[in-house]
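As the structure lists them, so they are numbered: ligands from 1, and atoms in each ligand from 1.
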Amino acid sequence: MSDPDPAAEAMAAVTPGFATQAIRTGHRRTAEGEHCEPIFATSSFVFANAAEAAARFSGELVGNIYSRFTNPTVRAFEERLAALEGGAVAVATASGMAAILVTCLGLLRSGDHIVASRSIFGSTTMLFDKYLTRFGIETSMVDLTALSAWAAAIRPNTRLLFVETPSNPLTEMVAIAPLADLAHAHGCLLVVDNCFCTPALQRPLALGADLVIHSATKYLDGQGRAVGGAVVGDAQQVGEEIFGVVRTAGPCLSPFNAWLFLKGLETLELRMLAHSAAALTLAHWLQQHPAVARVYYPGLASHPQHALVGPDAVGFSAGSVVGSAAGATGERAVAGLPPQQQRAGGGILAFEVHGGRAAAWQVIDATRLLSITANLGDTKSTITHPASTTHGRLCSDARAAAGIGEGLLRIAVGLETVADLQADLARGLDAL
Ligand SMILES: *Cc1c(COP(=O)(O)O)cnc(C)c1O
């Protein structure tokens with residue numbers, strides 16, 4: 001159906017770098033010779049004759065049938081993301097939450113148990129606590145950073161360890177490799193929600209995790225345009241079990257959104273390194289501001305798990321200009337240090353102002369440029385007060401236990417000029 005594509009041939013001949021894969025993987029040029037990936041806006045596909053229809057349905061012949069489970073634009077996004085995460089297969093979903101739901105439906109049954117870090121996304125906690133419990137699946141919540149707490153929570157029926165690292169909003173981190181070893185020693189799978197880092201900064205599968213979850217809504221799109229998600233992993237768990245749930249139950253990704261995410265992936269590496277550089281600049285500046293009590297950012301030397309961030313991050317293929325400039329060597333362990341799993345600090349930072357809620361709200365209300373919204377992973381910077389928004393449903397004791405103070409602010413640092421962001425924050429901070 002398609003003319004020979006020299007770029008596809010070049011990709012097959014060498015191990016391409018991260019950026020090359022992000023830009024080139026997954027597109028099979030059609031006979032029209034299009035340069036940009038097409039959007040296949042069609043619900044179904046036609047067959048040449050009755051025998052071909054029967055063969056496609058039986059699986060004897062591989063090919064498109066119906067866009068709930070076979071759409072070429074969605075498949076291009078899945079192949080590209082799988083390549084970037086270093087997984088065999090990706091399955092795209094209608095949202096990040098749908099990705100988590102289909103993972104649970106595909107891999108768990110009544111009587112199974114999950115161990116999850118306490119600081120995971122609010123809707124994920126709700127899914128585990130309120131809905132999965134109705135089907136006989138229980139979840140224990142543990143302190144993200146304490147490997148001993150994870151170990152103590154594992155039961156004979158535990159099937160999944162579920163983690164988000166860095167956490168929201170305090171950017172706490174856990175070393176993925178030992179957590180994966182712990183999971184495997186107990187016959188469990190490690191699932192990492194890699195939404196905050198994306199594969200441009202952290203590749204959990206290379207560190208031993210079994211599955212990676214994405215809310216593509218965030219950095220994969222990167223421009224706040226669409227909702228979607230994905231699960232990445234091996235051919236059996238993801239390609240069969242989880243794909244089977246999406247195919248049957250239907251929380252699939254629309255081809256229009258898949259196309260937006262394909263375009264987003266093309267600039268992912270550039271954006272993630274730029275978000276990280278801007279966040280680090282702001283974190284340093286905030287740290288010396290007299291109105292600021294504390295800054296939480298993985299790229300700061302003061303961060304308790306800073307050793308997990310560094311230029312020797314594991315699992316990156318050298319090759320892109322940006323990649324080699326960042327010094328991605330692929331060395332796993334530096335003597336005496338834990339392996340550095342995260343290539344840069346990412347775009348999310350939090351800070352505590354002196355003066356509690358009133359002071360925090362004053363800083364928010366003085367901004368003109370930063371958007372007051374809980375969304376993240378956009379070119380536009382956003383600011384939130386977790387204690388009264390994303391974590392507002394927790395009782396004040398639970399909030400305090402989680403370290404979410406009344407003076408805490410979270411910024412998802414976008415790609416505007418950093419000096420403008422600094423000036424926008426300074427207006428509120430200088431007045432405190
Ligand atoms: C947003 C988010 C989700 C949920 O994704 P949706 O696309 O909104 O369904 C899951 N995990 C994390 C870490 C998120 O930030």
Side-chain angles (χ1 to χ4, degrees), residues 74 77 81 85 90-105 114 116-132 139 141 144 160-174 176 190-202 204 209 211-232 242 246 249-254 256-258 260-261 264-265 272 275 298 342 346-350 371 373-378 380 382-384 386 389-391 402 404 410-414:
V74 174
F77 166 63
L81 181 63
E85 284 287 4
V91 172
T93 55
S95 67
M97 287 316 303
I100 297 172
L101 176 66
V102 297
T103 298
C104 294
L105 290 179
I114 303 170
S117 47
R118 192 167 282 123
S119 48
I120 51 177
F121 191 64
S123 294
T124 312
T125 305
M126 188 76 107
L127 174 69
F128 291 173
D129 277 359
K130 182 170 174 191
Y131 295 102
L132 292 188
T139 302
M141 297 287 190
L144 170 74
L160 297 184
L161 305 192
F162 188 101
V163 69
E164 247 173 60
T165 177
S167 71
N168 181 22
L170 295 177
T171 72
E172 292 175 318
M173 300 164 75
V174 67
I176 291 172
L190 176 62
V191 182
V192 178
D193 181 333
N194 203 25
C195 181
F196 274 35
C197 280
T198 84
L201 300 186
Q202 171 171 280
L211 295 114
V212 166
I213 301 275
H214 274 288
S215 167
T217 317
K218 313 293 168 48
Y219 289 109
L220 300 192
D221 172 41
Q223 287 145 88
R225 302 172 293 190
V227 173
V231 188
V232 191
I242 294 170
V246 176
C252 55
L253 184 65
S254 114
F256 289 100
N257 290 355
L260 289 172
F261 299 147
L265 288 180
M272 291 314 294
H275 281 293
Q342 199 176 304
I348 311 292
L349 67 81
S371 313
T373 168
N375 196 32
L376 62 95
D378 196 325
K380 298 182 174 74
T382 67
I383 187 163
T384 45
T389 59
T390 50
H391 295 68
I404 315 289
R410 188 202 72 187
I411 299 180
V413 182

For S119, the option from P166, P169, S167 that meets side chain to side chain contact (heavy atoms under 4.5 Å, CB included):
S167
Taking the side chain as everything from C-beta on, heavy atoms only, tell me whether I242 gets closer than 4.5 Å to L211.
yes
State, with a plain yes or no, whether a side-chain heavy atom of D193 is found less than 4.5 Å away from one of I120.
no
Exercise: identify the closest heavy-atom pair between V74 and L253:
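It is CG2-O, 3.4 Å.
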Nearest heavy-atom pair of A98 and T93: which atoms, and what distance?
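Answer, listing the atom of A98 first, then T93: CB-CB, 3.9 Å.
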Is L376 in polar range of ligand 1, meaning some N or O pair under 3.5 Å apart?
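There is no such contact.
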Within-cut-off N or O pair, M97 and ligand 1, under 3.5 Å:
yes
For [atom], grab the closest protein heavy atom and report residue, atom and distance to one decimal in Å.
| atom | answer |
| --- | --- |
| atom 8 (O) of ligand 1 | S215 OG, 4.1 Å |
| atom 11 (N) of ligand 1 | D193 OD2, 2.7 Å |
| atom 14 (C) of ligand 1 | K218 NZ, 2.9 Å |
| atom 7 (O) of ligand 1 | T217 OG1, 2.6 Å |
| atom 4 (C) of ligand 1 | F121 CE2, 3.4 Å |

Can you tell me if G228 contacts ligand 1 (heavy atom of the residue under 4.0 Å from the ligand)?
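Yes, G228 has a heavy atom closer than 4.0 Å to ligand 1.
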For G96, the ligand 1 atoms whose distance to one of its heavy atoms is below 4.0 Å:
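In order of number, 5 (O), 6 (P), 7 (O), 9 (O).
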How many angstroms lie between CD1 in I404 and CG in N168, if you round to the nearest 0.5 Å?
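The distance works out to 7.5 Å.
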Test applied, side chain to side chain donor-acceptor pair (under 3.5 Å); reference residue, D221; option that passes from K218, Q223, R225:
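Answer after filtering K218, Q223, R225: R225.
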